[in-house]
Protein chains: 2
Amino acid sequence: MADDTAVDALGEGDATPTESVTIYDVAKLAGVNPSTVSRALNRPGRVNAVTERRIRAAAETLNYQVNPMARALPTGRTSIVGLVVSDITNPVFFDVIRGAEAAATSAGYTLVLTESEESDEREYERAQRMLRMVDGLLLATPRMSDEQITALARQKPVAVVNRLVDDVLSVVPDVQHGIAEAVRHLRSHGHSRIAYVPGPALSWMARRRGELLAQRCEWAHIELVTLEPVAPTVVGGRSAAVAVRDSGATAVFAYNDLIAIGLMQELVETGIRIPADISVVGFDDIFGADFTSPALTTVKSPLREGGDHAMAALLARVTGDEVPGDGFDLATTLVVRGSTGPAAR
Amino acid sequence: MADDTAVDALGEGDATPTESVTIYDVAKLAGVNPSTVSRALNRPGRVNAVTERRIRAAAETLNYQVNPMARALPTGRTSIVGLVVSDITNPVFFDVIRGAEAAATSAGYTLVLTESEESDEREYERAQRMLRMVDGLLLATPRMSDEQITALARQKPVAVVNRLVDDVLSVVPDVQHGIAEAVRHLRSHGHSRIAYVPGPALSWMARRRGELLAQRCEWAHIELVTLEPVAPTVVGGRSAAVAVRDSGATAVFAYNDLIAIGLMQELVETGIRIPADISVVGFDDIFGADFTSPALTTVKSPLREGGDHAMAALLARVTGDEVPGDGFDLATTLVVRGSTGPAAR
DNA sequence: CTGAAAGCGCTAACAA
DNA sequence: TTGTTAGCGCTTTCAG
């Protein structure tokens, strides 16, 4: 069953390296000097219209493509931007990646991606290594220290999404807004005592969400029971189920959707009904948050926009343009689905 | 509330471009010729041990890092490999990306990622553009034509995952195995008439799955009702619900998990019980396939291994090493969860 | 074992 | 407007 072999390696295409055509080839064909080709192709208008046309035609027939490496050498600019995420398989990053990719591509930049697999060491190391070949670096929810980030930012333009770092271009969604909505939503359903399952203690975002939630609950005269932090995963969520049940709360906030989903799974398996017995609210609105039943009510983060804006801001700094101000609409919003309802009595 | 601004742009770090240190700097400090530095750093042993040590020390104190662009120029090799996926947000690719990233990084290569947003034109265009700066290109479940792929492969080493292309290094999981398991599973539960919801007609993998399933069902004397193809999304799955119900089948296969999940959602909302009334089987075992209730029974594809092996094979070809044979274990397997059960009578 | 020199493909003064 | 001429930082013969 040849069709089912795992690998079919056929060497027919003998690597024919297609001797790459250079501006010299184009120049010869067009009967001009290489530098004129460079000018014609890069800054239209600074070359006689008819010669330019001739050059473009030559480039066309030869199927000329610039060599980005060769260009980068004299200019120092590579037209590559880097994106560092801590975990490629974490759905929270999907939209950030996509937003960043879109912004980069539309600005003529190529996106280089790397992940740190949740290790702060590896993160710094890879970011540092990447720095050599990029014009700018975007860090998504970085794990490394403020000092490390600042060190990177001293070498090349750097921007950060989902975290605030002093003296570094930071794009942070307005978490406050969504939390306020969520608290209001729960209060209007009669919840007066709610539990919070925090995420990793050293995550900037985890701390921030916890603080704002506490603040908001106090403001709304709602009692908030903060439980032990857990890993920001489905498994972490499951592990918090007992504590949640014992907390006596009628609703629970999870640091993120993964925790919320794990929590729901475990609670349901323990015979607890959602939302009849306990309401559950997550954070992020990741892919799959609506696969559960009941579907998860969650505070949606504008991840794609975050990635997009951060990249745009980064590129603005790279090209020396004015960095766009904060006229963005990066508010988080509550997405109400089936996992929340009236407080159990 | 300064803390909640969407963008905090602080220009303190005046872009201090950190005049990059070159081999000339190292050479001067070590009292040798630049070429010796190059040799010492690249091919250990071809330089006197003590001078080498002196050079390394100098490089260390100066914090020298090679300039990948400058190196790429004379050698023609960039140590960058490209990965093209059709949709970054499609969970099917997460593991492929991660596997490829791991293989590339561990071989000292940098991964450059691009997506085609499901457009075959854009896919070819971006792949072509990327080709200029990479040593090799990996195409994951590409949308473009065999001819286009072959054209790319003529210029630089190219590998393909999840699709078979003549004369191109192809890594394809053994779909057959999982399908056989699934059919056996259903038959053992008394299903004798099952429906199939196909994916996009021009997808190689979609055709392949359909064919193998048909083949296997015939072999097992099970009646297979092939419905109209739908988009490989949750929405597409929902749209197939009516046809599935009307098909009179007691079990349904979906081209992929997204379709299966949409199908389940719609069926459940129509009052159909799963698996009591209809059993549902998906494909891929994507992230979130176990979020549903009942959790989805699905044919799991070794996506991560696919990405990993394909990248390894590609890099082998790039470096001229022997391309590893097909000793891999890329078999698909059935993951039984709650969405399948005994056939309704 | 090491230095000298040429050149990768492109850009950017400086001339003409 | 176009051609000439230097490099960008590195690798790699070729001598010594």
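In what follows, chains are A, B, ... by sequence order, proteins preceding strands, each numbered from 1.
To the nearest angstrom, P of C/dG7 lies 17 Å from CG of A/Leu73. The separation between A/Lys28 atom NZ and C/dC10 atom P is 14 Å, rounded to whole Å. Remark: C1' of D/dT4 and CD1 of A/Ile23 are 13 Å apart, rounded to the nearest angstrom. Rounding to whole angstrom units, CE of residue B/Met69 and C1' of C/dC10 are separated by 14 Å. Atom OH in A/Tyr24 sits about 10 Å away from atom C1' in C/dC8, given to the nearest Å.
A search for side-chain hydrogen bond (donor to acceptor under 3.5 Å, both in side chains) contacts involving A/Asn48 returns nothing, not counting sequence neighbours. With sequence neighbours left out, A/Arg132 forms a side-chain hydrogen bond (donor to acceptor under 3.5 Å, both in side chains) with no residue at all. With sequence neighbours excluded, the residues satisfying ring-ring contact (aromatic ring centres under 6.0 Å, His included) with B/Phe94 are A/Phe94. Taking the side-chain contact (heavy atoms from CB on, under 4.5 Å) definition, one finds that A/Asp120 meets it with A/Arg143, sequence neighbours left out. Shown here are the side-chain hydrogen bond (donor to acceptor under 3.5 Å, both in side chains) partners of B/Ser116, two or more places apart in sequence or in another chain: B/Glu123. Residues satisfying the side-chain hydrogen bond (donor to acceptor under 3.5 Å, both in side chains) test with B/Arg304, not counting sequence neighbours, are none.
An angle of 40°, rounded to 10°, separates the two end axes of the helix from C/dC1-D/dG16 to C/dA16-D/dT1, each defined over five pairs.
Comparing B/Ala70 and B/Ala49 by the nucleotide of DNA chain C that holds the closest heavy atom to each, the one mapping nearer the 5' end is B/Ala49.
Note on A/Arg71: every side-chain N or O is 4.0 Å or more away from OP1 and OP2 of C/dG9.
Every pair passing side chain to side chain donor-acceptor pair (under 3.5 Å) that includes a residue from residues 54-69 of chain A is listed here, sequence neighbours excluded: A/Glu52-A/Arg56. Applying the salt bridge (charged side-chain N to carboxylate O under 4.0 Å, His left out) rule to pairs touching residues 92-102 of chain A yields A/Arg98-B/Asp87, A/Arg98-B/Glu115, A/Glu101-B/Arg126, sequence neighbours excluded.
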Handout entry: Audit row: A/Asp167, A/Arg154, salt bridge (Lys or Arg N to Asp or Glu O under 4.0 Å) steps and yes/no
Key = CA-CA 10 Å; A/Asp167 302 341; A/Arg154 259 197 297 275; over 6 Å; no
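For the side-chain contact (heavy atoms from CB on, under 4.5 Å) with B/Val32, the lone residue among B/Ile23, B/Ile55, B/Val26 that qualifies is B/Ile55.
Among the heavy atoms of the strands, none lies under 4.0 Å from A/Val37.
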Donor-acceptor pairs are to be reported for all side-chain atoms of residues 77-84 of chain B against protein atoms at under 3.5 Å, with residues two or more places apart or in another chain.
{"residue": "B/Thr78", "atom": "OG1", "partner": "B/Ile80", "partner atom": "N", "Å": "3.2"}
{"residue": "B/Thr78", "atom": "OG1", "partner": "B/Met133", "partner atom": "O", "Å": "2.9"}
{"residue": "B/Thr78", "atom": "OG1", "partner": "B/Asp135", "partner atom": "OD1", "Å": "3.1"}

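Only A/Tyr64, A/Val66, A/Asn67, listed by number, bring a heavy atom of residues 51-67 of chain A to less than 4.0 angstrom from any atom of DNA chain C.
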So which protein N/O to nucleotides 12-16 of chain D N/O distances come out below 3.5 Å?
{"residue": "D/dT12", "atom": "OP2", "partner": "B/Arg43", "partner atom": "NH2", "Å": "2.8"}

